[in-house]
Amino acid sequence: MEKILKQIIKQKYDIEVDPKVSRPDPQFGDYATNVALQIAKPLGKNPREVAEVISSELEKTGQFSKVEIAGPGFINLTISAKNIANHLFEEFNKGDFGENQDGVGKIAVVDYPSPNMAKPYSVGHLRPGNQGWAAKKLLEATGWKVITDNHLGDYGAPFGIWVAGFKRFSSYDALEKDGVYELGRVYIATKKALKDEAEANGSELADEVQEWLLKLENKDPEAVEFSRLFNEISLNHIHNVMGRLKISTDYEYGEAFFAPKGKEEVQKLLSSGVAVQNDDGSVIVPLDEYGFNTPLLIQKSNGAALYATTDLATIKFREQEWNPDKVVYAVGMEQQFYFSQLFAMADKIGIKTDMYHLTFGVIDQLNEDGTREKMSSRKGVVLMEELLDKAEEKARKLTSGRDISDDDIKKIALGAIKFSDFIADRRTNILFDWNTIFALTGMSGPYIQYAAVRIAKILNDIKNPGVDYIKYDFESEKAVILKLLEYPEVVKNAASSLEPHKVANYLYDLAREMNRYYENVRIAESSDEEKSARLDILTKVLYVFDRGLDLLGIEVPSQM
RNA sequence: GCACCCGUAGCUCAGUGGAUAGAGCACUGGUCUUCGGAACCAGGUGUCGUACGUUCGAAUCGUACCGGGUGUACCA
């Protein structure tokens with residue numbers, strides 16, 4: 001349609017435009033364009049006159065059942081349901097409906113969900129998992145080759161805190177019993193003890209922490225054994241939870257892997273003059289030319305590596321190993337400043353790869369006075385496993401009395417949790433609320449899953465007569481078909497800005513259209529010709545539900 | 001102080017230049033021996049934070065201000 005308009009305008013007015021066609025309020029027609037309004041000004045003509053010329057050309061194509069001019073110069077187009085249906089069939093026959101080749105031949109690295117080893121998986125890590133996974137799927141749907149890398153936080157002070165705290169506050173029995181949750185308690189208790197000690201001007205515990213870090217650095221056997229044990233417990237837990245979330249990564253190169261490489265890179269930058277060593281021994285990369293008055297610290301004064309050190313090495317490693325066109329970091333907005341510095345440094349050392357910080361807002365909790373505040377361990381975090389358990393419990397309660405498999409319960413619970421993260425723009429802060437985090441009605445994952453399950457049931461129960469439906473008019477299906485035809489554009493837009501909420505909002509609209517159709521049309525009572533036509537359309541709706549939800553990491557249950 | 005994000009219905013949020021700004025939740029009523037009611041239909045709320053500007057046209061773009069959030073080199 002856009003192409004036709006473009007041609008007409010080129011022919012009549014000899015100007016190049018990219019006309020936009022939108023879906024107006026149904027009372028106006030099926031499609032609408034305001035292109036006459038846009039080009040009237042530069043042409044020095046009356047918009048309605050321009051609209052007249054364009055619309056008479058549109059009428060000549062014979063593709064529209066009605067062409068109307070409205071208001072200041074909108075052109076409203078109505079197309080017969082039959083023609084729209086034919087168009088849908090054509091698009092499906094091309095294969096991979098909804099996907100495109102925008103990124104073909106290009107490689108992206110997606111860095112996610114990158115949790116810290118020290119603490120149990122909390123809802124704080126929900127968004128990097130959801131958003132990172134959706135980014136991967138969206139990029140793949142548009143032709144990219146995607147490499148996912150779980151950048152584990154397995155280096156630094158936490159290890160010392162663990163050992164010193166474990167010796168003081170815990171035991172092997174407790175560790176055996178509660179695993180990572182015991183490690184989490186130890187971590188929190190030790191952090192608190194360190195704070196109290198510092199306030200009392202003491203340093204005994206803090207010294208112990210540093211001592212253990214040094215021991216690990218020097219390969220002390222006891223330290224190495226603690227490191228192995230704690231990392232094993234923590235990593236098992238991370239894998240277990242990621243498994244429940246149905247997410248995975250291709251690689252797991254943690255910070256510990258990059259720390260020694262980072263130190264080498266620091267030396268290289270020092271000799272090349274990019275980095276500067278301060279009198280206290282710390283090393284910085286000045287970024288004044290990028291508008292930062294805060295330099296990036298890449299080595300502590302005691303010579304130890306820190307975040308930027310390992311990230312520097314990570315950037316170099318990924319360049320050598322994968323030579324990506326794009327690197328996506330799925331990390332919260334709190335680190336926006338840090339990443340802008342990191343990317344500036346990357347540019348300074350000659351890395352040309354597109355570095356993209358996939359930001360998302362924090363998860364808030366409601367205070368008793370009604371105000372919102374970022375969820376923190378101080379206020380009490382919600383654990384990921386607890387959230388999953390409660391969601392499954394709720395889904396199970398709703399399906400009680402029916403024979404629903406455990407697998408389906410999990411798909412519903414996960415669908416509810418994930419979808420709630422995709423309702424809003426990812427930059428929006430999320431309000432964590434036990435009542436809405438896994439909503440099962442209205443704008444929710446299960447609402448869409450339910451619409452899909454209904455279709456699957458129909459397709460399963462009603463045999464397609466397979467008769468020719470060349471005379472069928474598709475009037476009843478028109479709204480659904482028009483909605484289906486929007487899908488490729490939605491994927492294109494969502495992928496280019498990595499905004500999965502656009503897919504989520506679209507799928508909800510499609511599900512609503514589908515449910516309305518379901519209320520009004522009884523396929524079981526249709527003639528053979530109608531059945532064949534309608535079941536063909538339903539197959540396509542189910543396809544879009546399946547593929548669209550898959551972009552969000554959500555599965556369609558077999559029953560619910 | 002500076003930087004970034006946000007401000008749309010009672011609440012949670014869609015809507016990045018077009019027609020009368022939309023959903024969910026909550027509230028009220030209706031549909032109901034159904035291809036599965038986790039559904040459908042009906043009922044109503046808005047100084048789109050404020051002001052000025054750009055434009056034929058602004059929730060959307062620009063500037064300033066107000067309010068909230070997040071950061072601001074030896075944590076990650």
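Only a predicted model underlies this, so the values are computations on that prediction, with no experimental measurement involved. In what follows, chains carry the letters A, B, and so on, assigned in the order in which the sequence lines appear, proteins first and then strands, with residues in each chain numbered from 1.
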Could you check whether [Y] and [X], counting side-chain N and O atoms only, form a donor-acceptor pair closer than 3.5 Å?
X: A/D111; Y: A/S114; result: yes
X: A/S405; Y: A/D407; result: no
X: A/E477; Y: A/Y517; result: yes

Which is true for [X] with a 4.0 Å heavy-atom rule: it touches a base, it touches only sugar-phosphate, or it touches nothing?
X: A/L431; answer: sugar-phosphate
X: A/L306; answer: sugar-phosphate
X: A/F292; answer: nothing
X: A/Q449; answer: nothing
X: A/T436; answer: nothing
X: A/Q335; answer: base
X: A/V521; answer: base
X: A/I412; answer: base

When you measure from the side chain of [X], which nucleotide among [options] comes out closest?
X: A/M443; options: B/rG24, B/rC35, B/rC74; result: B/rG24
X: A/P295; options: B/rC74, B/rA76, B/rA73; result: B/rA73
X: A/A524; options: B/rU20, B/rC35, B/rG71; result: B/rC35
X: A/R427; options: B/rC5, B/rC35, B/rA76; result: B/rC5
X: A/L37; options: B/rA19, B/rA39, B/rG18; result: B/rG18
X: A/Y447; options: B/rA38, B/rC5, B/rC40; result: B/rC40
X: A/E334; options: B/rA38, B/rU70, B/rU20; result: B/rU70
X: A/F337; options: B/rG24, B/rG71, B/rG18; result: B/rG71
X: A/Q27; options: B/rC40, B/rU20, B/rU12; result: B/rU20
X: A/Y518; options: B/rA19, B/rC35, B/rA76; result: B/rC35

Output the pairing pattern of RNA chain B as a dot-bracket string, 5' first, Watson-Crick or G-U wobble with both distances under 3.5 Å, | for cross-strand pairs, [ ] for crossing pairs.
(((((((..((((....[...)))).(((((.......))))).....(((((..]....))))))))))))....
[X] bridged to [Y] by N-O distance under 4.0 Å:
X: A/R23; Y: A/D30; result: no
X: A/R396; Y: A/D406; result: yes
X: A/E530; Y: A/R534; result: yes

Say you pick atom [atom1] in [N] and the same atom in [M]; how far apart are they, in whole Å?
N: B/rU55; M: B/rU16; atom1: C1'; answer: 16 Å
N: B/rU20; M: B/rG44; atom1: C1'; answer: 15 Å
N: B/rU63; M: B/rC5; atom1: P; answer: 12 Å
N: B/rG15; M: B/rU8; atom1: P; answer: 14 Å
N: B/rC48; M: B/rC4; atom1: C1'; answer: 23 Å
N: B/rC13; M: B/rA58; atom1: P; answer: 28 Å
N: B/rU72; M: B/rA76; atom1: P; answer: 13 Å
N: B/rC27; M: B/rG53; atom1: P; answer: 45 Å

Determine whether a donor-acceptor pair (one donor, one acceptor, N or O, separation below 3.5 Å) exists between the side chain of [X] and the base of [N].
X: A/S301; N: B/rC74; answer: yes
X: A/N293; N: B/rC2; answer: no
X: A/N76; N: B/rA19; answer: yes

Answer whether the closest heavy-atom distance between the side chains of [X] and [Y] falls below 4.5 Å.
X: A/L37; Y: A/N34; result: yes
X: A/H125; Y: A/M384; result: no
X: A/Y290; Y: A/K348; result: yes
X: A/I69; Y: A/E52; result: yes

When the distance from [atom1] of [X] to [atom2] of [N] is rounded to whole Å, what number comes out?
X: A/F419; N: B/rA38; atom1: CZ; atom2: P; result: 18 Å
X: A/D433; N: B/rC11; atom1: CG; atom2: C1'; result: 10 Å
X: A/Y338; N: B/rU72; atom1: OH; atom2: P; result: 12 Å
X: A/H125; N: B/rA76; atom1: NE2; atom2: P; result: 14 Å
X: A/F339; N: B/rU72; atom1: CZ; atom2: C1'; result: 16 Å
X: A/L538; N: B/rC35; atom1: CG; atom2: C1'; result: 10 Å

Check the phosphate of [N] against [X], side-chain N and O only, distance under 4.0 Å to OP1 or OP2. Yes or no?
X: A/Y307; N: B/rA76; result: no
X: A/K374; N: B/rG71; result: yes
X: A/T441; N: B/rC25; result: yes

A/W162 side, atom CH2; A/M117 side, atom CE - distance, nearest 0.5 Å:
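The distance works out to 6.0 Å.
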Can you tell me how far apart OH (A/Y329) and OG1 (A/T359) are? Round to the nearest 0.5 Å.
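With rounding to 0.5 Å, OH (A/Y329) is 15.0 Å from OG1 (A/T359).
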Specify the residue among A/V453 and A/A157 whose closest nucleotide of RNA chain B lies further upstream toward the 5′ end.
A/V453
Criterion salt bridge (Lys or Arg N to Asp or Glu O under 4.0 Å) on A/K410 and A/E555, from CA distance to verdict
CA-CA 10 Å; A/K410 286 177 179 166; A/E555 296 174 282; over 6 Å; no
Ring centres of A/F337 and A/F292 under 6.0 Å apart?
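Judged by ring-centre distance (under 6.0 Å), A/F337 and A/F292 do meet the cut-off.
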Each nucleotide N or O in nucleotides 14-17 of chain B that has a protein N or O under 3.5 Å away: list the pair and distance.
from, atom 1, to, atom 2, distance (Å)
B/rA14, OP1, A/D425, N, 2.5
B/rA14, OP1, A/T428, OG1, 2.9
B/rA14, O2', A/N505, OD1, 3.3
B/rG15, OP1, A/H501, NE2, 3.0

Could you check whether the rings of A/Y447 and A/Y508 sit parallel, tilted or perpendicular, using 30° and 60° as the cut-offs?
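The arrangement is tilted - the two ring planes meet at 30° to 60°.
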Using a cut-off of strictly less than 4.0 Å between a heavy atom of the residue and any atom of RNA chain B, enumerate the qualifying residues of residues 187-199 of chain A by number.
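By residue number: none to list.
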